[in-house]
Undergrad: 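Input: one structure, supplied below.
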Amino acid sequence: MTKNVGLDYGLKPIMALISNIEFPDLFKKANCTGLIYGFCPNTSGEEIPHELSFMMENENYAEQFLDVLIQWKDSSGGDSNAVELEFVELKNGDYTLVISPDNHLLMKRLVPEHLDDRINPRLITMSQGKGGMRIGKNYLTFRDKYIKDRRIVVRYTLFKDGQYIKQSSKYFVKTEFQFYTEDNVPNDSNAVLAIGNKPGFKLPKPPKIEINNENLLTRRHSELKYFFPITHDKIVNEKWLENIITTINKNYTSDQIIQAICNLVLFERLQRQKPMVIDLKSPGYDLSILEYLIANFESFDSYFPEDNFFTKQKIENQIRLDAKFLKERINI
């Protein structure tokens, strides 16, 4: 079972995250024909924004679409930043509204708290744009009179054959909107891809990590001590398997050797579990192992192979498998 399986604790397993995939479809089926801006006079008689409404033709899908936006906010502790509404003014005189979940709050909703600092999230965010709208007086008044933290009601208004039917009774309150021109949309905004890439725009690549990166080595050391406290203590303080360890190739570091022994111990524990709890042939087995280790803390009741299970050849082979795993995964 352990053949050709490696693992390095200096790397955070990749967790693929995806936002709600149906809300763009709901928006399209609701058939949004435009936006309505609501204003009310302040004490000085000046018209100030108080409402933004989607003009929709299909009530069923409009209701479901609004429910998704409300759910984003409610699942983020009532933070209206969970719903991104970004206005982009185009050079041809039109403007587009881009609707998407806030990436930071989306990850907080999707990543379990116990994995928060132990995974490398890869996020796929769905966004939806409403374009083809001319920049006119109502939009400009909304943009120019909007002040951050002002409470703006967001809802939909139902129309049929161009005739007003009713406003939705359901709504949510938003206090922040973003306004950009076509040339100044931030590269980290979801609006970039929704309106089409800017000339020369490329998705930023994460910095390349070297195999001897200090943070990686530090993380490997601390994670081995955390997940294998007894095994680590036996090797380091009780000199367990010292007669074998002293014969191992001197080019390998102590943490590589300890990691290999810990992995051999772990794989033997997994092999004894029937049915198997982890498919080590799956591409994401490192994430499954992380979940297992968090749920099954090493104790004196844990299984430990007999000393004669370990050999110089087994440990060195595991070191090579771990090194291969690191090389293949380090800059995915």
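What you are looking at is a predicted structure, and each value in this text was computed from that prediction instead of being measured. Heavy atoms only: backbone and side chains are in, while hydrogens, waters and symmetry mates are out.
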Undergrad: Taking the side chain as every heavy atom from C-beta outward, state whether Lys28 and Gln128 have any atom pair closer than 4.5 Å.
TA: yes
Undergrad: Can any side-chain N or O of Glu316 pair as donor or acceptor with the backbone N or O of Asn249 at less than 3.5 Å?
TA: yes
Undergrad: Is Tyr180 linked to Leu52 within one hydrophobic cluster, defined over Ile, Leu, Val, Met, Phe, Trp and Tyr using a side-chain heavy-atom separation of less than 4.5 Å?
TA: no
Undergrad: Would one find more than 12 heavy atoms of other residues, nucleotides or ligands at under 6.0 Å from atom OH of Tyr61?
TA: no
Undergrad: If you measure only the distance, is there a donor-acceptor pair under 3.5 Å linking the side chains of Asn184 and Thr181?
TA: yes
Undergrad: Before you tell me yes or no, could you show the steps for Thr253 and Ile257 under side-chain contact (heavy atoms from CB on, under 4.5 Å), namely the whole-Å CA-CA distance, both residues' side-chain angles and the distance that decides it to 0.1 Å?
TA: CA-CA 6 Å; Thr253 67; Ile257 296 170; over 6 Å; no
Undergrad: Are the aromatic rings of Tyr146 and Phe179 close, with centres under 6.0 Å apart?
TA: yes
Undergrad: Tell me whether Met55 shares a hydrophobic cluster with Phe27, the cluster being built from Ile, Leu, Val, Met, Phe, Trp, Tyr side chains joined at under 4.5 Å.
TA: no
Undergrad: A side-chain contact here means heavy atoms from C-beta on lying under 4.5 Å apart; do Leu90 and Thr96 qualify?
TA: yes
Undergrad: Near Lys108 NZ, under 6.0 Å, is it more than 12 heavy atoms from other residues, nucleotides or ligands?
TA: no
Undergrad: Indicate, with yes or no, if the rings of Phe172 and Trp72 have centres closer together than 6.0 Å.
TA: no
Undergrad: Does a side-chain N-to-carboxylate-O contact under 4.0 Å join Asp233 and Lys225?
TA: no
Undergrad: Tell me every residue that passes side chain to side chain contact (heavy atoms under 4.5 Å, CB included) with Ala260, counting only those two or more places apart in sequence or in another chain.
TA: Ile315, Gln318, Ile319, Asp322
Undergrad: Ser168 side chain to Lys170 main-chain N or O, any donor-acceptor pair under 3.5 Å?
TA: yes
Undergrad: Taking side chain to side chain contact (heavy atoms under 4.5 Å, CB included) as the definition, give me every residue that meets it alongside Asn296, ordered by chain and number, with sequence neighbours left out.
TA: Tyr292
Undergrad: For a quick test of reading the model, state the closest non-hydrogen atom pair linking His50 to Cys40 and the distance between them.
TA: CD2-N, 3.7 Å
Undergrad: Does Lys312 NZ have over 12 foreign heavy atoms under 6.0 Å away?
TA: yes
Undergrad: Looking at Phe304, I'd like to know if its CZ atom is crowded, meaning that more than 12 non-hydrogen atoms belonging to other residues, nucleotides or ligands lie closer than 6.0 Å.
TA: yes
Undergrad: For Glu51, check salt bridge (Lys or Arg N to Asp or Glu O under 4.0 Å) against everything at least two apart and list the hits.
TA: Arg155
Undergrad: Does atom NZ (Lys130) have a neighbourhood of more than 12 heavy atoms from anything else shown, all under 6.0 Å?
TA: yes
Undergrad: Is there a path of hydrophobic side-chain contacts, each under 4.5 Å between heavy atoms of I/L/V/M/F/W/Y residues, joining Phe227 to Leu280?
TA: yes
Undergrad: Would a hydrophobic clustering, with Ile, Leu, Val, Met, Phe, Trp and Tyr connected at side-chain separations under 4.5 Å, put Val277 with Val5?
TA: yes
Undergrad: Under a 3.5 Å cutoff, is there a donor and acceptor pairing between the side chains of Asn81 and Asp79?
TA: yes
Undergrad: Can you tell if the side chain of Leu216 reaches within under 4.5 Å of the side chain of Ile211, non-hydrogen atoms only?
TA: no
Undergrad: What heavy-atom pair brings Gln64 and Leu26 nearest, and what distance separates the two atoms?
TA: OE1-CD2, 3.7 Å
Undergrad: Assess the pair Phe87 and Tyr139: is the distance between their ring centroids shorter than 6.0 Å?
TA: yes
Undergrad: Please answer whether the main-chain N or O of Gly78 pairs with a side-chain N or O of Asp74 as donor and acceptor at a distance below 3.5 Å.
TA: no
Undergrad: State yes or no: do Val185 and Tyr95 share one hydrophobic cluster built from I, L, V, M, F, W and Y residues joined by side-chain heavy-atom distances below 4.5 Å, directly or via other members?
TA: no
Undergrad: Taking the side chain as C-beta and beyond, is there a heavy-atom pair between Leu321 and Leu7 under 4.5 Å?
TA: no
Undergrad: With a cut-off of 6.0 Å (strictly less than), are more than 12 heavy atoms of other residues, nucleotides or ligands near CD of Glu238?
TA: yes
Undergrad: Please determine whether the number of non-hydrogen atoms from other residues, nucleotides or ligands lying under 6.0 Å from atom OH of Tyr171 exceeds 12.
TA: no
Undergrad: Just checking Arg151: does its CZ atom have more than 12 heavy atoms from other residues, nucleotides or ligands closer to it than 6.0 angstrom?
TA: no
Undergrad: Within the distance-only criterion (no hydrogens, no angle test), does the side chain of Asp161 pair as donor or acceptor with the backbone N or O of Gln163 below 3.5 angstrom?
TA: no
Undergrad: For Ser100 and Ser127, which heavy atoms make the closest approach, and how far apart are they?
TA: CB-CB, 3.6 Å
Undergrad: Quick one: does any side-chain atom of Lys160 pair with a main-chain N or O of Glu57 as donor and acceptor, under 3.5 Å?
TA: no
Undergrad: Aromatic ring centroids of Tyr9 and Phe325 under 6.0 Å?
TA: no
Undergrad: Could Arg220 and Asp255 be called an ion pair, given the rule that one side-chain N must be under 4.0 Å from one carboxylate O?
TA: no
Undergrad: Less than 4.0 angstrom from a charged side-chain N to a carboxylate O is my criterion; do Lys174 and Glu176 meet it?
TA: yes
Undergrad: Is there a side-chain contact between Met15 and Leu115 (heavy atoms, below 4.5 Å)?
TA: yes
Undergrad: Would you check, one step at a time, whether the test side-chain contact (heavy atoms from CB on, under 4.5 Å) holds for Ser288 with Asp279?
TA: CA-CA 8 Å; Ser288 299; Asp279 179 7; over 6 Å; no
Undergrad: If you take all heavy atoms of Gly34 and Met133, which pair is closest and at what distance?
TA: CA-SD, 4.2 Å
Undergrad: Side-chain contact, heavy-atom cut-off 4.5 Å: Thr175 with Ile152?
TA: no
Undergrad: Output yes when a side-chain donor or acceptor of Lys314 lies under 3.5 Å from a complementary backbone atom of Phe309, and no otherwise.
TA: yes
Undergrad: May I ask you to decide if Lys91's main-chain N or O and Glu182's side chain share a donor-acceptor pair within less than 3.5 Å?
TA: yes
Undergrad: Step by step, would you call Leu290 with Ile119 a side-chain contact (heavy atoms from CB on, under 4.5 Å)?
TA: CA-CA 9 Å; Leu290 174 62; Ile119 56 101; 3.8 Å; yes
Undergrad: By side chain to side chain contact (heavy atoms under 4.5 Å, CB included), which residues pair with Asn103, not counting sequence neighbours?
TA: Leu123, Thr125, Asn190
Undergrad: So do the side chains of Tyr164 and Thr157 get within less than 4.5 Å of each other, counting heavy atoms only?
TA: yes
Undergrad: Is there a side-chain contact (heavy atoms from CB on, under 4.5 Å) between Ile330 and Asn213 once you walk through the steps?
TA: CA-CA 10 Å; Ile330 193 168; Asn213 177 274; over 6 Å; no
Undergrad: Of all the heavy-atom pairs spanning Ala82 and Leu105, show the shortest one and how long it is.
TA: N-CD1, 3.4 Å
Undergrad: Ser189 side chain to Ala191 main-chain N or O, any donor-acceptor pair under 3.5 Å?
TA: yes
Undergrad: Pick from Phe142, Phe177, Phe54: which one makes a ring-ring contact (aromatic ring centres under 6.0 Å, His included) with Tyr37?
TA: Phe142
Undergrad: Apply salt bridge (Lys or Arg N to Asp or Glu O under 4.0 Å) to Glu223 and list each qualifying residue two or more places apart in sequence or on a separate chain.
TA: Arg118, Arg219
Undergrad: Sequence neighbours excluded, which residues qualify as ring-ring contact (aromatic ring centres under 6.0 Å, His included) partners of Tyr156?
TA: none
Undergrad: Any idea which heavy atoms bring Thr231 and Glu298 closest together, and the distance?
TA: OG1-OE2, 2.7 Å
Undergrad: Using a strict cut-off of less than 4.0 Å between a Lys/Arg side-chain nitrogen and an Asp/Glu carboxylate oxygen, indicate whether Asp286 and Arg329 qualify as a salt bridge.
TA: yes
Undergrad: Would you say the side chain of Ser302 lies within less than 4.5 Å of the side chain of Arg269, judging by non-hydrogen atoms?
TA: yes
Undergrad: Let me know which of Val68, Ile124, Leu106 forms a side-chain contact (heavy atoms from CB on, under 4.5 Å) with Ser19.
TA: Leu106
